[in-house]
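To start, the structure under review is shown below, and the notes come after it.
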Amino acid sequence: MCHLPEPLHLSFYHQPTLQLAQSLLGKLLLKETKEGVAGGLIVETEGYIGPGDRAAHSFNHRRTKRTEIMFGEAGYTYTYSMHTHCLFNVVSGQIDAPEAVLIRGVEPYIGQELMEPRRPKAKKKREWTNGPGKLTKALGITMDDYGHALNQRPLWIAPGRSVDVSEIAAGPRIGIGNAGEAKDYPWRFWIRDNAFVSR
DNA sequence: CGGTTGATGTCCT
DNA sequence: GGACATCAACCGG
């Protein structure tokens, strides 16, 4: 790659979380490792708005080692591990407002030759990155990226392509069945008809 | 210090 | 459509 896509300024992240979740659709998420740069267009996101959101890790102001970064400035990386996987979030909201956007699906765009060997279990290309745990593996995002500012290498977000509002669909978030009334909030957003949306 | 728990992925029927 | 792997973080004691 002669010149890499330029990172968005941190001011981009200073918008309401649900609006940011939609603004992130079509943006390009990039990760540089010693093997090179891999990147994908974001096609699916979810907003998590603690402390009032039962599905958020920061529900009820729960401030722990894991959620600490969510209480800081927008535009930083919140990675967390569940089972054997690592999930990637973008911190949003004001200081002390623990909010974040989970990235659930990306469309491979740069460094696809790096992604394929990282996803040996995937039989089809769409299985490389059509899920929150899958895309982190394909891009090489790990817990080491926790707390990283997204306006610089080795992990950053660039403009990508523009997405019209008519392409955006919304619905309930996935995998939060025990979150009480919050499970029905339509805080999941995706690009309609895109093959790399998780479901 | 041990028991519980997932914002999931993969394999099996 | 359902079981289960597998582990860091969290929480109660």
Side-chain angles (χ1 to χ4, degrees), chain A residues 13 17-18 20-22 24-25 29 31 38 40 42-72 74 76-93 97-108 115-148 150 155 157 169-191 194-199:
Chain A
Y13 302 95
T17 294
L18 296 182
L20 177 64
Q22 295 169 75
L24 281 168
L25 294 174
L29 173 63
K31 173 68 193 270
I42 296 169
V43 300
E44 183 181 1
T45 62
E46 282 179 359
Y48 285 86
I49 307 183
D53 176 6
R54 292 193 73 88
H57 293 152
S58 52
F59 175 64
N60 204 18
H61 290 98
R62 206 156 68 96
R63 187 165 188 156
T64 65
K65 180 184 179 186
R66 182 173 71 160
T67 61
E68 179 61 28
I69 194 67
M70 296 179 81
F71 289 80
Y76 283 67
T77 302
Y78 171 42
T79 46
Y80 105 94
S81 59
M82 72 113 21
H83 293 81
T84 58
H85 312 289
C86 175
L87 276 61
F88 171 77
N89 300 248
V90 176
V91 173
S92 61
E99 309 180 7
V101 177
L102 169 69
I103 307 302
R104 288 192 56 89
V106 306
E107 175 180 329
M115 298 187 203
E116 183 163 21
R118 289 169 180 167
R119 298 285 302 120
K121 302 288 179 66
K123 296 183 178 62
K124 298 189 276 192
K125 180 176 174 181
R126 66 180 300 270
E127 295 171 346
W128 294 359
T129 53
N130 69 336
K134 298 177 188 178
L135 70 91
T136 54
K137 199 142 195 304
L139 295 181
I141 296 171
T142 69
M143 285 304 294
D144 291 341
D145 294 308
Y146 180 93
H148 173 79
L150 287 166
L155 177 62
I157 295 178
R173 293 168 293 178
I174 291 178
I176 54 164
N178 57 349
E181 75 286 351
K183 77 180 181 353
D184 297 320
Y185 297 170
W187 291 355
R188 170 178 174 243
F189 305 96
W190 66 96
I191 296 180
N194 187 286
F196 296 91
V197 172
S198 62
R199 61 183 84 163

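The model shown is predicted, which means the values in this text are computed figures rather than measured ones. Just so it is clear: chains get the letters A, B, ... in the order the sequence lines come, proteins before strands, and each one is counted from 1.
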task = Looking at every strand, decide which applies to A:R54 at a 4.0 Å heavy-atom threshold: base, sugar-phosphate, or nothing.
result = nothing

ask   = How would you label the contact of A:L102 with the nucleic acid (heavy atoms, under 4.0 Å): base, sugar-phosphate, or nothing?
value = base

task = Answer yes or no as to whether B:dA7 has its base stacked against A:Y80, where stacking requires a ring-centre separation under 5.5 angstrom and planes under 30 degrees apart.
result = no

A:H85 ring over B:dT8 six-membered base ring, under 5.5 Å and 30° = no

In whole Å, I'd like the distance from the [atom1] atom of [X] to the [atom2] atom of [N].
| X | N | atom1 | atom2 | answer |
| --- | --- | --- | --- | --- |
| A:K123 | B:dC11 | NZ | C1' | 8 Å |
| A:R126 | B:dG9 | CZ | P | 12 Å |
| A:R188 | B:dT8 | CZ | P | 11 Å |
| A:I174 | B:dT8 | CD1 | P | 8 Å |
| A:R173 | B:dG6 | CZ | P | 15 Å |
| A:N178 | B:dT8 | CG | P | 11 Å |
| A:E99 | B:dA7 | CD | P | 18 Å |
| A:K121 | B:dT8 | NZ | P | 18 Å |

query = Want to settle it: does A:V101 or A:A122 sit nearer the 5' end of DNA chain B, counting the closest nucleotide to each?
reply =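 Here A:V101 is the residue nearer the 5' end.
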
Side-chain (A:S58) to main-chain (A:T67) donor-acceptor, under 3.5 angstrom = no

Tell me which nucleotide among [options] gets nearest to the side chain of [X].
| X | options | result |
| --- | --- | --- |
| A:K134 | B:dT8, C:dT6, B:dT10 | B:dT10 |
| A:K65 | B:dT8, B:dT10, C:dC10 | C:dC10 |
| A:R62 | B:dG9, B:dA7, C:dC11 | C:dC11 |
| A:H83 | C:dA8, B:dA7, B:dG6 | B:dG6 |

request  = Could you let me know what C:dT6 is paired to, Watson-Crick or G-U wobble, both distances under 3.5 Å, or none if it's on its own?
outcome  = none

request  = Identify the nucleotide, in any strand shown, that forms a Watson-Crick or G-U wobble pair with B:dA7, with both distances under 3.5 Å; if there is none, say none.
outcome  = none

ask   = What are the two closest heavy atoms between A:M115 and A:A38, and how far apart are they?
value =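 So the two residues come closest at CE-CB, 4.2 Å.
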
query = Any idea which heavy atoms bring A:V101 and A:T45 closest together, and the distance?
reply =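 Residues A:V101 and A:T45, closest heavy atoms: CG1-CB, 3.7 Å.
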
ask   = Of A:V106, A:V90, A:L135, which meets side chain to side chain contact (heavy atoms under 4.5 Å, CB included) against A:I42?
value = A:V106

inquiry  = Consider side chain to side chain contact (heavy atoms under 4.5 Å, CB included). Of A:R104, A:E46, A:E44, which one does A:W190 pass it with?
reply    = A:E44

inquiry  = Counting only side-chain nitrogens and oxygens, does A:R104 get under 4.0 Å of the OP1 or OP2 atom of B:dT8?
reply    =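 Answer yes for this pair, as a side-chain N or O of A:R104 is under 4.0 Å from OP1 or OP2.
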
request  = Please determine if a side-chain N or O atom of A:T64 lies less than 4.0 Å away from the OP1 or OP2 oxygen of C:dC10.
outcome  = yes

5' precedence on DNA chain C between A:M143 and A:T84 (nearest-nucleotide basis) =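 Residue closer to the 5' terminus by nearest nucleotide: A:T84.
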
task = Measure from NZ or CZ of A:R54 to the centre of the six-membered ring of A:Y185, then state whether that distance is under 6.0 Å and the direction lies within 45° of the axis.
result =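 The answer is no, since A:R54 fails at least one limit relative to A:Y185.
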
